[in-house]
A.B. asks: 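Can you keep this structure in mind? I'll have questions shortly.
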Amino acid sequence: MAGGAGRPIGSSDKDTRERRQTSEQLQLQVARTQATKKKNAAKKSETKLKDSHNRLRANNAAVPHFFRNHPKPSTNPGQGDVSGSEAAETVTTGDDPPVPTNTVVESINDSAANNDCLAADATGTGEEGNDPVEEDVAVYVTIDNPLITGGGQPVVIAANLDFDEDEARKTTARDADEYPGGNVSGVQQKFVEAVQKRLKFEVSKNGKATKNTWLLDHLRLNGWWLRKLHGRWAARKLGIKKEYEAYYRDIFVWLPDIMWEDKVNKTMMPCCPNCKTNSKVGPHCFRDNHFGRVIVGMDETYFCISRRYICRECKTVAQRAKKQVEQLAQANHIIADVGEVDEERYTFMAWNNDVLPLYPYGRGEKFPAVLTWRAGLDKKVVRNMRPLYDGGFRPLAHSKLLLEMHTEKFVDECLSHENETKAQRESELGKTMATGTRDPLGDFGDERKYCGLVPTGEYLEHAYKVYHASIRTYLNKEVKKRGADRLHWDVSYKEAKHLCQFRGRPVFKGLVTALNALGEVRMQFHVYTDSHEQMMAALEAFKGTLTNLGLPGVKLFVTDNPVGDEKFFKESLPSLQEQQQIFDEALSSGSAPPILQNSDEFSYDYSKLLVTVVAETTEIERVINAMMDDVNKSKMIGLDAEWNILRASAGFQTGQSKVMTIQIAYRNSEGAIQVIIVRTEKLVSLPLPLINLLCNDSIIISGNKVSADLKKIGKDFNIIRIKSLDQLTRSNVCNLGVYARERDVVQNAAVCSLELLADRLFNIKLDKSLQKDTDWTIWKEDKEKYAAIDAALSLESREELGKMSDLSRRFTIDDIAPGKTADLVPLNGSVANMATRAATVRILDKVSLEWPEGIVP
């Protein structure tokens with residue numbers, strides 16, 4: 001056997017076995033053996049080249065990547081893409097091959113079309129025989145973009161703006177600005193510093209005298225923003241080094257007294273947060289140790305610049321208080337070091353959270369950010385918090401979302417930078433390469449370059465609390481507008497025991513809390529005793545709010561002491577006494593008391609329905625055939641279907657059962673609603689009369705997401721006539737969500753539910769507790785009631801909606817008539833995103849007009 005074909009033969013038995021092999025098997029064995037040799041040789045070569053790689057990095061040379069099965073690079077300047085005149089210097093380390101200092105290594109495919117490598121033939125001798133084999137070598141190629149130096153390393157990008165609660169407690173300043181790493185002298189910090197110093201000069205008397213206020217002029221024209229796209233222009237004007245555009249950030253300038261200048265009345269001078277007036281307030285200084293506040297936006301940061309203001313009235317008060325303390329100490333022969341008056345007591349920034357609400361005309365709302373500890377968040381970020389967090393989206397997930405958006409922005413900037421560099425290179429071919437080199441943008445968190453900043457979950461949680469504390473008064477007023485026709489009253493004694501104590505004894509007896517039907521706090525106050533007298537002030541204020549806002553009074557009162565509280569609250573709340581009289585009159589007449597509007601009781605009148613439940617095929621055929629006379633007259637049915645949700649032991653959904661019930665509602669000859677409930681859990685196929693009904697295009701089939709119900713029925717029972725049609729576009733299938741959206745009853749058809757329609761159309765409350773996790777194979781009375789009402793409401797909702805005008809149907813010329821009422825709606829847009837009606841109009845007159853031929857108005 002040839003030496004290069006395999007390993008030596010060890011015994012006669014082995015010879016016998018190998019002679020039995022076919023020629024194809026021998027060729028396969030040879031190929032495997034050669035592949036093993038190459039793999040082992042590759043490992044040795046790669047180890048050697050990695051050692052070379054590390055030594056080259058230590059000498060700051062270009063670093064090669066490692067590739068296999070490519071020829072060695074030639075050192076002849078005449079070969080490949082490198083001409084003799086452009087041959088680079090080389091760096092040689094030990095036995096390593098020369099490495100051009102102006103080249104980097106690129107991945108090369110085996111395709112012959114790739115001609116970027118420095119080609120040279122290289123052959124070697126195998127361990128056995130004389131067959132030449134390719135060596136595993138490093139491939140050096142000319143750089144694809146010679147204006148880029150260095151190389152990016154993979155890094156892990158993580159949220160890097162954290163909230164330190166312990167350090168925040170130590171920070172007494174209300175407007176501490178320095179975020180971690182904010183004092184590093186990077187591109188952004190130098191740029192913000194230069195802008196602030198220029199701004200300081202232009203607003204000073206000397207700057208105004210020169211009339212060279214190019215920065216203020218630019219800010220006025222751009223809404224007091226210096227955008228990053230103007231960063232290089234501004235850097236040139238400021239006399240600092242121009243950097244890549246990606247390194248710059250937007251800068252917002254907040255100087256209200258200059259933005260809305262009023263030299264006479266000084267209306268827009270910031271108000272002092274202590275005395276709440278600006279009568280003695282004036283500019284103080286620009287900070288010389290911090291130049292701008294960093295703000296985190298949706299996908300990038302920006303900076304805000306302002307200055308400190310001084311309240312001379314508060315300064316006088318502080319100095320007077322200091323003197324009084326010194327005199328008192330001297331009069332009592334006490335040695336006391338009073339120290340200097342803290343400037344924080346009478347100076348402040350124009351953007352302080354307690355200053356912004358004091359600007360007249362709501363100008364404080366124009367500040368684009370919410371300031372937090374050492375930084376700030378853009379209002380777009382903050383205003384997304386409450387809807388996200390209320391829906392279960394936690395701060396940590398919000399941080400990850402922002403990190404993703406900021407990272408994508410960074411990657412886009414990197415790609416744009418590379419493409420611009422390539423364009424610059426290609427535009428300068430044939431010219432002298434005298435423009436120097438361009439570095440990569442660097443890492444996301446490099447504080448001297450890109451300086452990306454993303455808040456952690458802890459920081460966002462802190463910002464959430466800060467923001468909602470600032471709008472607490474507004475939120476309280478919003479809760480007042482909700483009213484409380486049902487009031488839950490409770491007194492807690494545990495909290496009051498530990499809240500405030502004097503000489504070891506609690507000051508308060510209890511904490512009184514009153515909740516409305518939505519669980520919102522409508523009243524909350526402390527009492528010294530259990531006397532009802534201490535509750536009078538809160539109840540009077542509550543009644544005053546209801547009267548001023550035109551809200552209904554309390555109709556139902558819940559307390560854990562009805563015997564002791566009944567008389568007092570009936571006297572204090574007249575509406576409660578009136579409702580009690582209604583209940584008493586209903587009971588005396590022998591009828592049930594009326595159900596409250598917001599009661600949790602089942603409020604649909606089930607007694608008006610005529611319900612029939614069938615399960616056998618013959619019964620189903622009989623009932624369906626009997627109802628067709630009435631259905632053919634009304635041409636409308638309400639349809640609903642129920643099935644089981646299959647769940648694993650862990651609780652998550654794994655699938656669905658087949659349809660268990662089909663409910664059909666229609667009006668009989670007397671106008672009453674009759675409901676047929678077809679139990680299908682034991683049926684393999686549906687009776688033909690039922691199939692004909694579901695496929696009848698002359699009958700309107702209405703229901704919430706009824707097209708999905710029909711699709712599932714067709715799939716589960718293999719009804720070809722249903723499966724072959726798109727149920728969503730069938731002309732006689734009425735999905736109530738879309739139908740209600742067209743009439744402006746709901747604002748989003750996708751999330752419309754039968755429960756919502758019942759509330760909007762009939763002012764009733766549905767119990768949907770049986771909708772999930774119900775086993776429909778076990779039949780009970782409550783399930784029959786639930787299923788029948790769903791079908792009946794589907795029919796009634798379609799009938800009620802049909803009485804309303806369709807906002808998606810545009811008037812034609814023939815529809816227009818004087819005195820007719822119409823809804824004014826947007827001309828463009830689909831029904832799904834159509835705005836609600838802008839107004840209701842009445843047509844006064846119809847005028848005939850003429851227009852050119854071929855043009856229709």
Side-chain angles (χ1 to χ4, degrees), residues 156-182 249 252 273 290 292-304 349 351-357 364-365 367-410 444-445 447 451-479 495 498-499 513 515 518-521 524:
V156 177
I157 301 178
N160 51 0
L161 177 59
D162 203 358
F163 172 67
D164 190 335
E165 187 173 357
D166 294 335
E167 188 174 348
R169 290 196 189 101
K170 299 176 184 178
T171 306
T172 57
R174 282 181 295 197
D175 45 19
D177 292 338
E178 297 81 0
Y179 65 94
R249 295 290 183 272
F252 179 74
H290 193 78
R293 191 74 170 257
V294 65
I295 308 297
V296 180
M298 294 294 289
D299 61 359
E300 200 174 40
T301 58
Y302 61 88
F303 287 85
C304 289
M349 298 294 290
W351 57 38
N352 282 3
N353 289 333
D354 45 2
V355 173
L356 292 174
E365 289 297 316
F367 187 71
V370 174
L371 301 184
T372 58
W373 183 68
R374 291 188 168 183
L377 295 178
D378 186 79
K379 285 185 176 179
K380 293 179 181 178
V381 177
V382 174
R383 287 171 178 169
N384 282 334
M385 286 181 171
R386 194 154 67 96
L388 288 176
Y389 295 177
D390 288 350
F393 201 77
R394 308 316 303 161
L396 179 59
H398 195 187
S399 174
K400 292 179 179 179
L401 175 63
L402 291 175
L403 179 63
E404 180 71 17
M405 298 177 70
H406 280 244
T407 305
E408 287 186 4
K409 176 70 173 179
F410 172 65
F444 175 82
E447 296 170 353
C451 196
L453 198 65
V454 177
T456 63
E458 290 79 5
Y459 191 94
L460 292 173
E461 183 178 356
H462 162 71
Y464 181 75
K465 294 176 181 177
V466 170
Y467 174 67
H468 284 82
S470 67
I471 63 172
R472 182 171 182 174
T473 303
Y474 167 77
L475 294 177
N476 290 340
K477 292 179 179 179
E478 282 297 311
V479 173
E495 181 265 354
H498 307 285
L499 176 68
T513 304
L515 307 178
L518 299 175
E520 298 165 331
V521 178
Q524 193 169 53

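FYI, the numbering just counts along the sequence from 1.
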A.B. asks: Do the ring planes of H398 and Y389 sit parallel (below 30°), tilted (30 to 60°) or perpendicular (above 60°)?
C.D. replies: perpendicular
A.B. asks: Tell me whether K400 at atom NZ has more than 12 heavy atoms from other residues, nucleotides or ligands lying less than 6.0 Å away.
C.D. replies: no
A.B. asks: Between D378 and I295, is there a donor-acceptor pair closer than 3.5 Å when you use the side chain of the first and the backbone of the second?
C.D. replies: no
A.B. asks: Has T513 got a side-chain atom pairing as donor or acceptor with Q524's backbone, closer than 3.5 angstrom?
C.D. replies: no
A.B. asks: Keeping K380 on the side-chain end and P368 on the backbone end, is there a donor-acceptor pair under 3.5 Å?
C.D. replies: no
A.B. asks: Between the side chain of S399 and the main-chain N/O of P395, is any donor-acceptor distance below 3.5 Å?
C.D. replies: no
A.B. asks: Looking at T372 and A463, what are the two nearest heavy atoms and their distance?
C.D. replies: CG2-CB, 3.5 Å
A.B. asks: Supply the atom-to-atom distance L401 CG to L396 CG, rounded to the nearest 0.5 angstrom.
C.D. replies: 11.5 Å
A.B. asks: State which residues pass salt bridge (charged side-chain N to carboxylate O under 4.0 Å, His left out) with R383; sequence neighbours excluded, sorted by chain then number.
C.D. replies: E365
A.B. asks: Taking it one step at a time, do K465 and E461 satisfy salt bridge (charged side-chain N to carboxylate O under 4.0 Å, His left out)?
C.D. replies: CA-CA 6 Å; K465 294 176 181 177; E461 183 178 356; 3.8 Å; yes
A.B. asks: R374 and R293: which non-hydrogen atoms are nearest, and at how many Å?
C.D. replies: C-NE, 3.6 Å
A.B. asks: Identify the heavy atoms of L371 and V466 that sit nearest to each other, and give their distance.
C.D. replies: O-CG1, 3.9 Å
A.B. asks: How about R394: does its CZ atom have over 12 heavy atoms from other parts shown lying under 6.0 Å from it?
C.D. replies: yes
A.B. asks: Describe, in one word, how the ring planes of W351 and F367 are oriented to each other, choosing from parallel (under 30°), tilted (30 to 60°) and perpendicular (over 60°).
C.D. replies: tilted
A.B. asks: Among residues at least two apart in sequence or on other chains, which ones pass salt bridge (charged side-chain N to carboxylate O under 4.0 Å, His left out) with E478?
C.D. replies: K481
A.B. asks: Is it the case that the side chain of N352 and the backbone of D354 share a donor-acceptor pair, with hydrogens and angles ignored and the cut-off at 3.5 Å?
C.D. replies: no
A.B. asks: Compare every heavy atom of A375 with every heavy atom of Y459, then report the nearest pair and how far apart it is.
C.D. replies: OH-CB, 3.2 Å
A.B. asks: I need the minimum non-hydrogen distance between G297 and L402, along with the two atoms involved.
C.D. replies: O-CD2, 4.3 Å
A.B. asks: As an exercise, state the distance from CZ of F410 to CD of E300, rounded to the nearest 0.5 Å.
C.D. replies: 11.5 Å
A.B. asks: Output the distance between atom CG (L403) and atom CZ (F444), rounded to the nearest 0.5 Å.
C.D. replies: 6.5 Å
A.B. asks: Check the pair M385, F393 against side chain to side chain contact (heavy atoms under 4.5 Å, CB included), reporting the backbone distance first and the verdict last.
C.D. replies: CA-CA 9 Å; M385 286 181 171; F393 201 77; over 6 Å; no
A.B. asks: Rounded at 0.5 Å granularity, tell me how far CG in L475 sits from CZ in R386.
C.D. replies: 5.5 Å
A.B. asks: Please list, chain by chain and in numerical order, all residues satisfying side chain to side chain donor-acceptor pair (under 3.5 Å) with H406, sequence neighbours excluded.
C.D. replies: none
A.B. asks: Between L460 and L377, does a side chain to side chain contact (heavy atoms under 4.5 Å, CB included) hold up when you go through it step by step?
C.D. replies: CA-CA 9 Å; L460 292 173; L377 295 178; 3.8 Å; yes
A.B. asks: For the atom pair NZ (K409) and CE (M298), what is the distance rounded to the nearest 0.5 Å?
C.D. replies: 13.0 Å
